[in-house]
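Quick notes on the structure that follows.
Keep in mind the model is a prediction, meaning the values are calculated, not measured.
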Protein chains: 2
Amino acid sequence: MEKQMNCHNRKTHKMDHYLEICLLMILIKTSSYGYDLLTNLSDFGFTKDELNAGTLYRVLRRMEEHDLVSSAWEASSQGPDKRIYEITILGKKELNDWIHILKERQERISFLINCYEEVKKQ
Amino acid sequence: MEKQMNCHNRKTHKMDHYLEICLLMILIKTSSYGYDLLTNLSDFGFTKDELNAGTLYRVLRRMEEHDLVSSAWEASSQGPDKRIYEITILGKKELNDWIHILKERQERISFLINCYEEVKKQ
DNA sequence: CCTCGCTATGTGCATAATGCATATAGTATA
DNA sequence: TATACTATATGCATTATGCACATAGCGAGG
């Protein structure tokens with residue numbers, strides 16, 4: 001019973017660095033901050049329960065460590081200050097590299113799906 | 001320098017449970033064993049350095065724990081015995097579920113790539 | 001004034017998937 | 001008897017991610 005539940009939960013949309021890639025994609029268009037990015041991510045298929053604020057903030061910090069983004073505090077008249085993230089040159093290069101990986105992922109997935117359709121025919 | 005190297009290495013094709021899905025796909029066609037599956041996986045885009053035998057065997061055992069496959073030893077006249085894996089009913093159901101996830105992954109990837117092309121235009 | 005809710009960022013701990021190195025062992029062949 | 005190939009497996013570390021919780025500013029309403 002419990003095993004079944006776990007089995008079901010294990011089927012996620014998880015793809016290596018997917019969140020990071022989405023963030024780079026948003027940030028290449030415009031600079032933004034964590035709390036705002038949380039809402040923008042729904043465009044990329046993130047449901048509310050799929051997205052965790054803690055994870056998001058940690059991913060952003062990791063990206064900054066790797067010099068993919070840079071951040072600066074922005075004072076706010078109403079509410080707490082915001083850490084604004086801006087994509088770097090390296091970040092743009094990184095996104096470009098990821099796009100190539102994504103295209104290969106896409107081919108692999110297509111191959112799998114076609115394979116499955118073939119099997120189903122018989 | 002070292003950081004750069006890590007950065008580059010992090011860009012993998014890794015997708016959650018991709019190996020498991022490929023194995024289910026092979027095994028739904030025909031039963032097989034670890035060492036043989038190692039070679040068959042090249043069809044699914046696994047390069048030699050991308051595929052690790054230890055990982056493969058461990059994934060197979062995990063799949064058996066979850067009742068997605070069942071195994072039986074087959075004596076060999078030449079070379080060591082083989083553990084033959086066969087897909088189960090639950091395994092077939094699992095593969096079917098994964099296919100749905102893959103289709104959603106595909107849509108998400110397409111969305112990202114289109115997004116990127118749009119940005120590039122400007 | 002004080003609490004509640006929203007905005008905003010962050011940490012601690014655990015788990016799950018995977019990689020790398022290594023161990024073990026049977027068989028064939030040179 | 002040494003080497004190469006077949007075949008399966010474990011130990012340890014790393015990495016990504018999830019869940020729960022902590023912190024703190026600010027505004028509205030009682």
Side-chain angles (χ1 to χ4, degrees), chain A residues 2-3 5-23 32-41 46-66 68-69 71-85 98, chain B residues 2-3 5-23 32-41 46-66 68-69 71-85 98:
Chain A
E2 196 198 323
K3 220 175 193 176
M5 279 296 286
N6 286 338
C7 239
H8 186 269
N9 290 346
R10 240 180 300 102
K11 276 171 235 138
T12 65
H13 296 285
K14 217 186 294 176
M15 288 180 285
D16 193 49
H17 285 86
Y18 178 61
L19 178 56
E20 181 176 313
I21 301 169
C22 291
L23 290 173
S32 185
Y33 58 99
Y35 196 82
D36 188 51
L37 289 162
L38 267 174
T39 61
N40 293 341
L41 280 166
F46 284 94
T47 58
K48 207 151 198 173
D49 59 300
E50 225 181 322
L51 187 50
N52 179 265
T55 303
L56 176 87
Y57 287 110
R58 191 143 30 194
V59 168
L60 284 168
R61 303 307 296 275
R62 185 187 66 195
M63 288 165 73
E64 189 167 24
E65 270 174 52
H66 295 322
L68 307 179
V69 294
S71 76
W73 286 100
E74 189 182 82
S76 174
S77 54
Q78 40 189 11
D81 293 352
K82 298 160 184 176
R83 187 191 281 275
I84 307 286
Y85 286 95
W98 275 119
Chain B
E2 194 198 326
K3 221 175 190 176
M5 279 296 287
N6 286 338
C7 238
H8 186 267
N9 289 347
R10 238 180 303 101
K11 277 172 233 136
T12 65
H13 296 284
K14 217 185 295 175
M15 287 179 285
D16 193 49
H17 285 85
Y18 179 61
L19 178 55
E20 181 176 313
I21 302 169
C22 291
L23 291 172
S32 185
Y33 59 99
Y35 196 80
D36 188 52
L37 289 163
L38 267 174
T39 61
N40 293 340
L41 281 167
F46 285 94
T47 57
K48 208 151 197 175
D49 59 299
E50 224 181 321
L51 187 49
N52 178 264
T55 303
L56 176 86
Y57 286 110
R58 191 143 31 195
V59 167
L60 285 167
R61 303 308 297 274
R62 185 187 66 195
M63 288 164 73
E64 188 168 22
E65 271 175 53
H66 295 323
L68 307 179
V69 294
S71 77
W73 285 101
E74 189 182 81
S76 173
S77 54
Q78 39 188 10
D81 294 352
K82 297 160 185 177
R83 187 192 281 275
I84 307 287
Y85 285 95
W98 275 120

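- Here CD of A:Glu64 is found 6.0 Å from CZ of A:Arg61. Values are rounded to the nearest 0.5 Å.
- B:Leu56 CG to B:Leu41 CG: the interatomic distance, rounded to the nearest 0.5 Å, is 6.5 Å.
- Contact annotation for B:Asp36: no contact, since no heavy-atom pair falls under 4.0 Å across all strands.
- Following rounding to the nearest Å, A:Leu56 (CG) and C:dA8 (P) show an atom-to-atom distance of 13 Å.
- When rounded to the nearest whole Å, the span between CD1 of B:Ile84 and P of D:dT6 equals 16 Å.
- The distance between atom CD of B:Gln78 and atom P of D:dC5, rounded to the nearest whole Å, is 16 Å.
- Partner of A:Leu60 under the side-chain contact (heavy atoms from CB on, under 4.5 Å) criterion, chosen from A:Leu37, A:Thr55, A:Leu68, A:Leu19: A:Leu37.
- A straight line from OH of B:Tyr85 to C1' of D:dA9 spans 10 Å, rounded to a whole angstrom.
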Give every pair of a protein N or O atom and an N or O atom of nucleotides 18-25 of chain C that lie under 3.5 Å apart, one pair per line with the distance.
residue: C:dT18; atom: OP1; partner: B:His17; partner atom: N; Å: 3.4
residue: C:dG19; atom: O6; partner: B:Arg58; partner atom: NH2; Å: 3.1
residue: C:dC20; atom: N4; partner: B:Arg58; partner atom: NH2; Å: 3.4

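- If you measure from atom CD of B:Glu64 to atom C1' of D:dA9, you get 14 Å, rounded to the nearest angstrom.
- Contact between the side-chain N/O atoms of B:Tyr57 and the OP1/OP2 oxygens of D:dT8 is found at a separation under 4.0 Å.
- Between B:Tyr57 atom OH and B:Asn52 atom CG the span is 11.0 Å, to the nearest 0.5 Å.
- Taken from CG in B:Asn40 to CG in B:Leu38, the straight-line distance is 9.0 Å, to the nearest 0.5 Å.
- The side-chain heavy atoms of A:Tyr85 and A:Asp36, taken from C-beta on, include no pair separated by under 4.5 Å.
- Taking atom OH of residue B:Tyr33 and atom P of nucleotide D:dT6, one finds them 9 Å apart after rounding to whole Å.
- Atom-to-atom, CZ of A:Arg61 to P of C:dT9 comes out at 10 Å; the value is rounded to the nearest Å.
- For A:Lys82 and D:dA24, the NZ to P distance is 20 Å, given to the nearest whole Å.
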